[in-house]
Amino acid sequence: MSRSVAEAARAVLDAAEPLAKVKAARAAARDWRLGRLDHRFDVAMPDRPARPARPELLPPNQMPKRGKGGSERGRVALIHALAHIEFAAIDLAFDAVGRFGGQFARGFTDDWMQVGADEAMHFALLDRRLRQLGSHYGAMPAHDGLWDAAAATAHDALARLAVVPMVLEARGLDVTPSTIERFQAVGDTATAKILTRILTDEVIHVRAGTRWFESACAEQNINPETTWQRLVSTYFRGLIKPPFNDSARDSAGLTRGYYQALAVP
């Protein structure tokens, strides 16, 4: 019997070191694409993924200030923070596959395997950029807020889709264009190109989350916008606040009817 897709997803979550996690993510996505994994969900996902010894994980309110990225040190700190987001996003994607894939059609696994492969590529690009600038992932502290969102929604596929792709990743659509401009303004075109690639992919990721959320709502005959608002109010600790990149959100299927009712001026 072939390895199950759940086994492959669990292997990603159990890999602690960055290189091992990236390799496991790429292998899982490749094996799924090539038909080497059975569409079985016979292995439980862990409560928390394995993490390397570095970076040190701090509560968000104890994180050192990064500044606005004007100095090279500030830019390195910002790239490190972005790399940590992408590292956590690898686990979020494969946890979604292993934890919720059995509740959806096979296309759900297709989508989130690809998302996981994309996040691994994004992390590898940012980590390589850090090394080019004389640093590396793990050189600075980080926080684990993204996984806190995953833990809060581990029991509910709709809540996970509402919070992770449709809030957290959608926020990336809002802030990444200005971050790209910041790097371009100081002549760091290499980092700007990486972030442009990430922005393009994240539109696709948010679109996948919105599509599967709306599909599940249709099956349950519930209104997607009001359901999203209820779930976000229940499971998301932060604020939904502008500025919004409405064009990118529209491209991702996340229309204003979802988030305007919860937006804080």
Side-chain angles (χ1 to χ4, degrees), residues 29 33 78 82 85-86 88-90 92-94 96-97 100 104-123 125-126 146 149-150 153 157-184 189 191-219 222-232 235-236 238-265:
R33 187 175 64 252
L78 178 53
L82 295 171
I85 290 171
E86 299 298 333
I90 301 170
L92 289 170
F94 286 96
V97 170
F100 302 119
F104 293 89
R106 190 181 183 94
F108 181 92
T109 298
D110 291 337
D111 282 345
W112 295 107
M113 279 288 193
Q114 184 58 55
V115 170
D118 289 346
E119 307 294 17
M121 180 264 289
H122 297 165
F123 170 78
L125 290 172
L126 290 168
L146 282 177
T153 58
L158 272 179
R160 175 68 64 86
L161 291 169
V163 170
V164 175
M166 298 175 72
V167 173
L168 298 177
E169 288 202 71
R171 191 58 182 154
L173 304 184
D174 301 331
V175 302
T176 302
S178 62
T179 306
I180 292 170
E181 291 176 359
R182 190 182 306 171
F183 281 104
Q184 289 174 331
T189 57
T191 303
K193 287 180 180 177
I194 294 170
L195 297 183
T196 300
R197 171 61 189 271
I198 290 174
L199 178 60
T200 299
D201 290 341
E202 296 297 349
V203 171
I204 298 170
H205 300 173
V206 176
R207 186 186 304 142
T210 305
R211 184 174 64 250
W212 286 108
F213 181 84
E214 291 180 344
S215 172
C217 287
E219 287 187 4
I222 55 178
N223 181 281
E225 291 183 1
T226 56
T227 300
W228 182 85
Q229 291 159 8
R230 174 180 59 79
L231 291 169
V232 171
Y235 295 107
F236 180 61
L239 299 175
I240 309 295
K241 57 183 179 179
F244 299 118
N245 185 346
D246 289 322
S247 62
R249 285 170 172 254
D250 285 346
S251 296
L254 190 60
T255 56
R256 298 179 194 185
Y258 277 103
Y259 55 88
Q260 277 190 330
L262 295 183
V264 176

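Sequential numbering from 1 along the given sequence is applied to the chain's residues.
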Q: Check the pair Leu78, Phe183 against side chain to side chain contact (heavy atoms under 4.5 Å, CB included), reporting the backbone distance first and the verdict last.
A: CA-CA 10 Å; Leu78 178 53; Phe183 281 104; 3.7 Å; yes
Q: Evaluate the criterion side chain to side chain contact (heavy atoms under 4.5 Å, CB included) for residue pair Leu231 and Val163; output intermediate values, then yes/no.
A: CA-CA 8 Å; Leu231 291 169; Val163 170; 5.8 Å; no
Q.
Under the criterion side chain to side chain contact (heavy atoms under 4.5 Å, CB included), I'd like the reasoning laid out for Ile204 against Arg207: C-alpha separation, chi angles, the key distance, then a yes or no.
A. CA-CA 5 Å; Ile204 298 170; Arg207 186 186 304 142; 4.1 Å; yes
Q: With side chain to side chain contact (heavy atoms under 4.5 Å, CB included) as the test, would you mind laying out the steps for Ile240 and Val264 before giving the verdict?
A: CA-CA 6 Å; Ile240 309 295; Val264 176; 5.9 Å; no
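Between atom CG of residue Asp201 and atom CG of residue Asp118 there is a gap of 4.5 Å, rounded to the nearest 0.5 Å. Separation of atoms CG (Asn223) and CZ (Arg230) is listed at 11.0 Å; rounding is to 0.5 Å. To the nearest 0.5 Å, atoms CG (Leu158) and CD (Glu219) are separated by 9.5 Å. Between the CZ atom of Phe213 and the CZ atom of Arg160 there is a distance of 14.0 Å, given to the nearest 0.5 Å. Interatomic distance, Met166 CE to Glu214 CD, rounded to the nearest 0.5 Å: 6.5 Å. Atoms CD1 and CD1, from Ile85 and Ile198 in turn, are 9.5 Å apart once rounded to the nearest 0.5 Å.
When every heavy atom of Ala162 is checked against every heavy atom of Trp228, the shortest pair comes out as O-NE1, 3.1 Å. The two residues Pro224 and Cys217 have their closest heavy-atom pair at CA-SG, 3.7 Å. When all heavy atoms of Gly253 and Tyr258 are compared, the closest pair comes out as O-CE1, 4.0 Å. Contact detail for Leu168 and Ala149: the closest heavy-atom pair is CD1-CB, 3.8 Å. Heavy-atom minimum distance, Leu199 versus Pro177: CD2-CG, 4.0 Å. Closest of all the heavy-atom pairs between Val203 and Ser251 is CG1-CB, 4.0 Å.
At least one side-chain heavy atom of Leu161 sits less than 4.5 Å from a side-chain heavy atom of Phe108. Taking the side chain as every heavy atom from C-beta outward, Glu202 and Glu119 approach each other to under 4.5 Å. Inter-residue side-chain proximity for Asp111 and Phe104 is flagged as unmet; no heavy-atom pair is nearer than 4.5 Å. Residues Trp112 and Phe100 form no side-chain contact, since every pair of their non-hydrogen atoms from C-beta on lies 4.5 Å or further apart.
In terms of modelled atom types and a separation under 3.5 Å, the side chain of Ser178 and the main chain of Val175 share a donor-acceptor contact. With hydrogens and angles ignored, the 3.5 Å screen pairs no side-chain donor or acceptor of Ser215 with any backbone N or O of Arg211.
Taking the centre and axis of the six-membered ring of Tyr259, the NZ or CZ atom of Arg249 falls inside the cone set by 45° and 6.0 Å.
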